[in-house]
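Just so we're on the same page: letters track the sequence lines, and every chain starts at 1.
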Amino acid sequence: MSKPSIPKGTRDFTPDEMARRNFIFDTIRGVFQSFGFAQIETPAMENLATLTGKYGEEGDQLIFKILNNGDFLAKADRTALEVGDSKKASFSISKKALRYDLTVPFARFVVMNQNELTFPFRRFQIQPVWRGDRPGKGRYQEFYQCDVDIVGSDSLLSEVELVQIFDEVLHRLHIPGFEIVLNNRKVLAGIAELAGVTDKLTEMTVAIDKLDKIGREKVEEELSTRGFTDEQVSKLAPLFEMETSPKEAISQLRDHLKTSEMGSKGVDELETVVNYALDLGLRSGKLLVDPTLARGLNYYTGAIFEVKVPDAPIGSICGGGRYDDLTGIFGLKGLSGVGISFGADRIYDVMSHFELFPAGASRGTELLFVNFGADEERRCMQLATELRREGIRVEVYPEATKLKKQMKYANDKSIPYVSMIGSDELTSGQVTIKEMESGEQFTISLNEVIGKIRQVL
RNA sequence: GUGGCUGUAGCUCAGUUGGUUAGAGCACCGGAUUGUGGUUCCGGGGGUCGUGGGUUCAAUUCCCAUCAGUCACCCCA
């Protein structure tokens, strides 16, 4: 029972995996920076009160709470404990929690730093988040999100740029056939208005979001069980027969929503973003408009984004949307924001599935010095120091063990070149370099080494 | 949180109606080869058969419980 383990839903990352993960992070960071976004970080833990009530009732239960230090039971809410009110009791023994996403801590950050920030504020953030739900394929309890948000502007140019960021990042990662799906909360509101279910907007969106998963009949069933009348359900029918190719979808929606002011505004917004994005041109993404795309988060008010990879064994890999008043809950009203999030772990899984990682993604040591003994290793250390200053990745084997073992080390680590300085080379002032893949080797003088290594690498 | 499947070496898995010393491949270590890795040959280490209980003369095998993993549903990145 002393076998070590890690909590479920968490992972260790090997050097190989880290090289590939960094390839993803570097790509994402590079694109974010090319659009002028600046990086921030926030603490792994937030005050529990900052997080609760932001993710709906189910979301609140998935927040990892941190037990207070010290004699936490002394201050615990005894009555809540006795009646078995876990929720109330937990607040009396926990003041801190692990962050659940990057958006809410960002909203808190903006409010706290509002006087130092220049608006519109463009930030990105790449950090892990934690959720206590059941792990599964593509679902972890600790995972990374890569968020970009623009806060303090309601210009639709932001939406257009975010579409371009999706496209550029996923293009650079060679994700095949990815689809950027677009919708607008105002369109959903308009549809609800026409069906006379404005008060049940959330119930409606939760149900219709499942359309492509469970089919029209099941969605209609679910709407009925959620208290929709047959008439209301039948008024939602056009929604189930929409095209997803953007131009067609927009014209169908415009027609359907022409009597709804809110709905028409949503269609206008959608059309602006779509036309702009299509005019500028996408690199390899497919742009779709899907009025059934809802996404669970309650705070979206305008655009809604999601990215899917049809043939991948995983749901969405990215999401996002516009929220008109996210900072309002922290006391700063009237700031509109729009942002998207890349699920780096899911992108990793998709790339593994399609074997998309370039061989060079795990570039490690380029040259290993074999160690033959005290005098030889001194020469190796000198040379290694010079080569490192030239930007070459070098290691010196730390012990003068059998050559076979040192060669195997180089082979196992896929080090392409091995340098040998034994007694012969030491006296002649030369270096023998072996190219591992071909097995060929050559002997050169010391002052040729840097030039030669440069040349072969 | 609800239901199905699986737990045997570091990994992937065998294991006879329940029977005496639980095997293989890969990986690891050593040797053939004391200045040459990736191929080959030889040898070696490693297991409380997930854990606890029950049935039995006898359990890796059958039964129950529990834990862990996994797939579908709910929800999400």
Side-chain angles (χ1 to χ4, degrees), chain A residues 1-11 14 24 28 55-63 99-103 126-147 166 205-207 209-210 213-214 218 222 293-298 305-309 312-321 339-350 368-373 376 397 400-426 431-441 443:
Chain A
M1 277 279 82
S2 63
K3 267 191 188 172
S5 63
I6 54 175
K8 64 177 175 182
T10 65
R11 295 147 303 154
T14 62
I24 295 175
I28 290 173
Y55 308 107
E57 207 164 307
E58 289 207 37
D60 278 2
Q61 294 182 326
L62 301 179
I63 295 171
R99 79 166 93 75
Y100 178 89
D101 71 357
L102 300 180
T103 308
I126 299 174
Q127 288 191 276
V129 302
W130 294 268
R131 292 184 191 178
D133 59 359
R134 176 174 278 202
K137 193 185 281 292
R139 167 186 283 180
Y140 309 97
Q141 292 203 339
E142 179 187 61
F143 60 98
Y144 274 74
Q145 288 190 330
C146 312
D147 276 28
F166 277 138
T205 54
V206 168
D209 191 41
K210 298 174 191 162
K213 237 182 204 170
I214 60 176
K218 289 274 172 63
E222 183 162 340
L293 171 67
R295 301 187 54 82
L297 298 170
N298 294 319
F305 307 104
E306 183 163 280
V307 177
K308 294 177 190 168
V309 183
I314 282 166
S316 65
I317 56 173
C318 308
I340 58 176
S341 178
F342 288 78
D345 301 273
R346 288 194 170 179
I347 291 174
Y348 183 98
D349 290 346
V350 168
L368 174 75
F369 280 95
V370 166
N371 190 329
F372 283 107
E376 293 88 340
Y397 199 86
T401 55
K402 272 180 287 198
L403 185 54
K404 179 187 166 106
K405 189 169 180 180
Q406 303 190 42
M407 295 301 286
K408 181 168 161 49
Y409 176 83
N411 190 62
D412 288 350
K413 285 188 67 173
S414 304
I415 297 172
Y417 293 95
V418 171
S419 166
M420 284 169 284
I421 300 176
S423 54
D424 294 351
E425 288 88 350
L426 201 58
V431 181
T432 296
I433 290 172
K434 173 164 181 165
E435 191 191 12
M436 292 297 279
E437 200 181 338
S438 66
E440 286 167 17
Q441 57 187 59
T443 302

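- The side chain to side chain contact (heavy atoms under 4.5 Å, CB included) with Q406(A) is formed by just one residue from the set V418(A), N411(A), T401(A); it is T401(A).
- With rounding to the nearest 0.5 angstrom, the CZ atom of R134(A) is 10.5 Å from the CD atom of Q141(A).
- Using atom P as the reference point in both U6(B) and G50(B), the two lie 14 Å apart (nearest Å).
- Rounded to whole Å, the separation between the C1' atoms of U39(B) and U21(B) comes to 35 Å.
- Taking atom P on both nucleotides, G15(B) is separated from C62(B) by 12 Å, rounded to a whole Å.
- The aromatic rings of Y55(A) and Y100(A) are tilted relative to each other, their planes meeting at an angle between 30° and 60°.
- Across all strands shown, C26(B) forms a Watson-Crick or G-U wobble pair, both distances under 3.5 Å, with G10(B).
- In terms of the ring-ring contact (aromatic ring centres under 6.0 Å, His included) criterion, Y140(A) has no residue partners (sequence neighbours excluded).
- The base of C76(B) is paired with the side chain of R346(A) by a donor and an acceptor separated by under 3.5 Å.
- Residue contacts shown for S316(A) are limited to sugar-phosphate atoms, with no base heavy atom under 4.0 Å away.
- Judged by Watson-Crick or G-U wobble contacts below 3.5 Å, the nucleotide C73(B) has G1(B) as its partner.
- On the P atoms, C5(B) is 23 Å away from A9(B), given to the nearest whole Å.
- Of the possible donor and acceptor atoms, one in the side chain of R11(A) sits under 3.5 Å from a partner among the backbone N and O of E142(A).
- A donor-acceptor pair shorter than 3.5 Å cannot be found between the side chains of K405(A) and Y409(A).
- U39(B): no Watson-Crick or G-U partner with both key distances under 3.5 Å is found in any strand.
- Here the CG-CE distance, from L368(A) to M420(A), works out to 10.0 Å after rounding to the nearest 0.5 Å.
- Under the Watson-Crick or G-U wobble criterion, with both distances below 3.5 Å, U51(B) is paired with A65(B).
- Of the C1' atoms belonging to G46(B) and G25(B), the separation is 16 Å, rounded to the nearest Å.
- Looking at the side chain of R134(A), the nearest of the listed nucleotides C71(B), C76(B), C75(B) is C71(B).
- The gap from the C1' atom of U8(B) to that of C13(B) amounts to 9 Å, rounded to the nearest Å.
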Distances for protein N/O vs nucleotides 33-39 of chain B N/O pairs under 3.5 angstrom?
| unit_1 | atom_1 | unit_2 | atom_2 | d |
| --- | --- | --- | --- | --- |
| G35(B) | O6 | D424(A) | N | 3.4 |
| G35(B) | O6 | E425(A) | OE1 | 3.1 |
| G35(B) | N1 | E425(A) | OE1 | 3.0 |
| G35(B) | N1 | E425(A) | OE2 | 3.2 |
| G35(B) | N2 | E425(A) | OE2 | 3.2 |
| U36(B) | O2 | K434(A) | NZ | 2.8 |
| U36(B) | N3 | Q441(A) | OE1 | 2.8 |
| U36(B) | N3 | Q441(A) | NE2 | 3.4 |
| U36(B) | O4 | Q441(A) | NE2 | 2.6 |
| G37(B) | O2' | N411(A) | ND2 | 3.3 |
| G37(B) | N7 | K434(A) | NZ | 3.3 |
| G37(B) | N1 | M436(A) | O | 2.5 |
| G37(B) | N2 | N411(A) | OD1 | 3.0 |
| G37(B) | N2 | M436(A) | O | 3.1 |
| G37(B) | N3 | N411(A) | OD1 | 3.2 |
| G38(B) | O4' | N411(A) | ND2 | 2.9 |
| G38(B) | N2 | E437(A) | O | 3.2 |

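- Residues P135(A) and Q141(A) each lie close to RNA chain B; by heavy-atom proximity, the contact nearer the 5' end of the strand is made by P135(A).
- Going from the P atom of A59(B) to that of G3(B) covers 33 Å, rounded to whole Å.
- Taking the C1' atom of each, C74(B) and U2(B) are spaced 9 Å apart, rounded to whole Å.
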